[in-house]
Participant: 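Handing you a structure now.
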Amino acid sequence: MLTFVSILRPGLRAAWLAPLAVVALVSEPRAAVTAQEPMMRVLVAEGQSLHLRADDAVPLLVRGLGGRERSLQRLSVSLRGGSLVLDGLGQAPSVRVSTEDPRGFWLGKRRYRGDVVLLPRGGRVMAINRLGIETYLPSVVGSEMPTGWPLAALQAQAVAARTYALRQRGKKGDFDVKATVASQVYKGIESETPRTLEAVKTTRSLVLVHGGRLINAVFHSSSGGATEPSGEVWRQQLPYLVSVRDHDNHSPVHRWNKRFDVSDLQRLFKETGGVEGVRVLSTSSTGRVRSARIKGPRGSLVLSGRELRRRLGLKSTMVRFDMVRDADMQRFPEIPSDSEPSREPPALIGLWSDSATGSIEPADPGLAPLPPPPPPLQTPRSSLDRPSSLVRSGSLVLEARGQGYGHGVGMSQWGAHGLAEQGADFRQILLHYYRGVQIRPYRPGDDPSLAFSPRSEPAWWG
């Protein structure tokens, strides 16, 4: 898959070189070795059929058809009997499509760099974009964060995204990450800008490490005042993902509300025949709902905070519930988010998925003790925290009043923006949200796929 410089003259560190560059140290009797930028395999599309085309006159190069390379302007791929069917060209178990055009190639409505491997999987055609990590990241930064934000925030996003992506290599078989919020958002060439290219270039090779391992550098849009410890959202409490004060007060989703009428609630809670009341049973240390009881005409239902968020389509689990009369809905409308495109909440990493898995990384005994988490946010006790029998009128609707957007763990993107506006650089931002970590150039031994390989010098330097 990928090889690195493993032996260098004493005192000389390897550079992260362009793909396929060869380093030969002829002054010493040692074998020449190859250094290559780590490649990412990104699942960018899947469906019953996929359509690719060249950007202009430079053709697509298609490999996998009888050992011959074909030059095509367009390619349509579908499935038949577990094999790929290439429009008018026959069948193949898999194909690889690339181009020499610096403008990339089109897959559906997006353009991509690198190449794409097409595979038949589970009755669908799967498209996996292969490209170097530093080529992948400018689009991720531009897809995850408004590109007009301060450079320090974009740089922090680049380092977190690089760390997250490299930590996922080799874990999923055919691909490393998805191009959606299930991993981190990647929209191809159109999401690259000069500023995202600068953010990646000026942080080249830098990653976040704790206890000698790449951290799980999760991030989210806005925490609503305090980030969440990982152990209160997922299965493991990681030493670097603790609760810290956020700097997201200016976020358009710092506070929000959402309302549901009787028909909405009957559709969403068919088991209980609707909702007459909601009682929050337990909360996390920062005030996020961990479990709640839903009471309806046909009985009660206990849900986790995450499931309740999923059912209601809420921005976060930092939420409280109340009943609002129909007349009050006109007097007190829902709180809208800022509608300017540049201030839309950035896409979220791992919005619904459990992305904080893997072994717990040991704490560094030399680190100073972490500060205690902030106290839970105080929210007035609502009528729905009392027995739901008090709420019976059909003229009442359910109101969810919440704070923040996302799972709340790790770096808050709006908080990174707030800190950058206050003058923090990207290192200060990262060290605030990921406690006790080290920011340093990536090393081959950090790669999960090379974890048992002999230790070597760093692969590249920024």
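In what follows, every heavy atom counts, from backbone to side chain, and hydrogens, waters and symmetry copies are set aside. Bear in mind the structure is a predicted one, so any value in this text is a computation, not a measurement.
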Participant: Applying side-chain hydrogen bond (donor to acceptor under 3.5 Å, both in side chains), name anything that partners Asp246, two or more places apart in sequence or on another chain.
Facilitator: Ser223, Ser412, Tyr433
Participant: Between His417 and His247, is the ring centre distance below 6.0 Å?
Facilitator: no
Participant: For Glu100, look at atom CD and say whether over 12 heavy atoms of other residues, nucleotides or ligands are found less than 6.0 Å away.
Facilitator: no
Participant: Who are the ring pair (Phe, Tyr, Trp, His ring centres under 6.0 Å) partners of His254, not counting sequence neighbours?
Facilitator: none
Participant: Nearest 0.5 angstrom please: Glu228 CD to Ser243 OG, how far?
Facilitator: 6.5 Å
Participant: Is the shortest side-chain N to carboxylate O distance from Glu192 to Arg113 below 4.0 Å?
Facilitator: yes
Participant: Could you list the residues that satisfy side chain to side chain contact (heavy atoms under 4.5 Å, CB included) with Leu268, not counting sequence neighbours?
Facilitator: Phe260, Leu312
Participant: Hey, what's the ring geometry for His407 with Trp234, parallel, tilted or perpendicular (30° and 60° as the breaks)?
Facilitator: perpendicular
Participant: Going by heavy atoms in the side chains, are Val117 and Val95 under 4.5 Å from each other?
Facilitator: no
Participant: So, Asp174 and Arg121, do they make that salt bridge, N to O below 4.0 Å?
Facilitator: yes
Participant: Could you check whether Lys258 pairs with Glu399 (Lys NZ or Arg NE/NH1/NH2 to Asp/Glu carboxylate O, under 4.0 Å)?
Facilitator: no
Participant: Is there a donor-acceptor contact under 3.5 Å from the side chain of Ser143 to the main chain of Ser191?
Facilitator: no
Participant: Restricting to pairs with a member in residues 119-145, which pass ring pair (Phe, Tyr, Trp, His ring centres under 6.0 Å), not counting sequence neighbours?
Facilitator: Tyr136-Tyr186
Participant: Could you tell me whether the side chain of Trp106 reaches within less than 4.5 Å of the side chain of Leu52, counting heavy atoms only?
Facilitator: no
Participant: Among all residues two or more places apart in sequence or in another chain, which pass the side-chain hydrogen bond (donor to acceptor under 3.5 Å, both in side chains) test with Glu190?
Facilitator: Arg111
Participant: Show your working on side chain to side chain donor-acceptor pair (under 3.5 Å) between Ser98 and Arg130 and close with a plain yes or no.
Facilitator: CA-CA 10 Å; Ser98 60; Arg130 297 175 65 255; over 6 Å; no
Participant: Can you sort out the partners of Ser94 under side chain to side chain contact (heavy atoms under 4.5 Å, CB included), two or more places apart, ordered by chain and number?
Facilitator: Leu119
Participant: Picking from Gln184, Gln413, Lys187, what satisfies side-chain hydrogen bond (donor to acceptor under 3.5 Å, both in side chains) with Glu144?
Facilitator: Gln413
Participant: Search all heavy atoms of Val200 against all heavy atoms of Pro138 and return the closest pair with its distance.
Facilitator: CG2-N, 3.6 Å
Participant: Rounded to the nearest 0.5 Å, what's the gap from CD1 on Ile439 to CZ on Arg427? Could you check?
Facilitator: 5.5 Å
Participant: Between Gln155 and Thr202, do the side chains contain an N or O donor and an N or O acceptor separated by less than 3.5 Å?
Facilitator: yes
Participant: Do Glu307 and Arg310 sit within salt-bridge range, that is, some charged N less than 4.0 Å from a carboxylate O?
Facilitator: yes
Participant: Quick one: salt bridge (charged side-chain N to carboxylate O under 4.0 Å, His left out) partners of Asp101, sequence neighbours excluded?
Facilitator: Arg103
Participant: Are the side chains of Leu131 and Val42 in touch, meaning some heavy atoms are under 4.5 Å apart?
Facilitator: yes
Participant: Can you confirm whether Leu151 sits close enough to Glu198 that some side-chain heavy atom of one is under 4.5 Å from a side-chain heavy atom of the other?
Facilitator: yes
Participant: Could you state the interatomic distance from CG (Leu137) to CG (Leu166), rounded to the nearest 0.5 Å?
Facilitator: 7.5 Å
Participant: Would you mind checking if Glu134 and Lys201 are paired as a salt bridge, meaning a charged N to carboxylate O distance below 4.0 Å?
Facilitator: no
Participant: For Ser291 and Ser282, what are the C-alpha separation, side-chain angles and deciding distance, and is it a side chain to side chain donor-acceptor pair (under 3.5 Å)?
Facilitator: CA-CA 5 Å; Ser291 64; Ser282 64; 2.8 Å; yes
Participant: In the structure I gave you, are the side-chain heavy atoms of Tyr112 and Ile189 within less than 4.5 Å of one another anywhere?
Facilitator: no
Participant: Hey, are the side chains of Leu118 and Leu50 touching, using non-hydrogen atoms and a 4.5 Å cut-off?
Facilitator: yes
Participant: For Ser230 and Gln236, what are the C-alpha separation, side-chain angles and deciding distance, and is it a side chain to side chain donor-acceptor pair (under 3.5 Å)?
Facilitator: CA-CA 6 Å; Ser230 65; Gln236 297 175 335; over 6 Å; no
Participant: List for me each residue that meets side chain to side chain contact (heavy atoms under 4.5 Å, CB included) alongside Thr163, sequence neighbours excluded, and say none if there are none.
Facilitator: Val159, Val207, Leu208, Leu214, Ile215, Ala217
Participant: Could you pull out all residues at least two apart from Glu421 that satisfy salt bridge (charged side-chain N to carboxylate O under 4.0 Å, His left out)?
Facilitator: none
Participant: Who passes ring pair (Phe, Tyr, Trp, His ring centres under 6.0 Å) against Tyr434, sequence neighbours left out?
Facilitator: none
Participant: What residues form a side-chain hydrogen bond (donor to acceptor under 3.5 Å, both in side chains) with Arg110, not counting sequence neighbours?
Facilitator: none
Participant: Under the side-chain hydrogen bond (donor to acceptor under 3.5 Å, both in side chains) test, which residues partner Thr193, sequence neighbours left out?
Facilitator: none
Participant: Ile133 and Ala165: which non-hydrogen atoms are nearest, and at how many Å?
Facilitator: CD1-CB, 3.9 Å
Participant: Within the structure provided, determine whether Phe426 and Leu206 are in side-chain contact (heavy-atom separation under 4.5 Å).
Facilitator: yes
Participant: Return yes when atom CZ of Arg293 has more than 12 non-hydrogen atoms of other residues, nucleotides or ligands closer than 6.0 Å, and no otherwise.
Facilitator: no
Participant: Any heavy-atom pair between the side chains of Ile429 and Met411 that's under 4.5 Å?
Facilitator: yes
Participant: When you check the side-chain N and O atoms of Arg306 and Ser304, is any donor under 3.5 Å from an acceptor?
Facilitator: no
Participant: Drop me the distance from Thr227's OG1 to His220's NE2, to the nearest 0.5 angstrom.
Facilitator: 6.5 Å
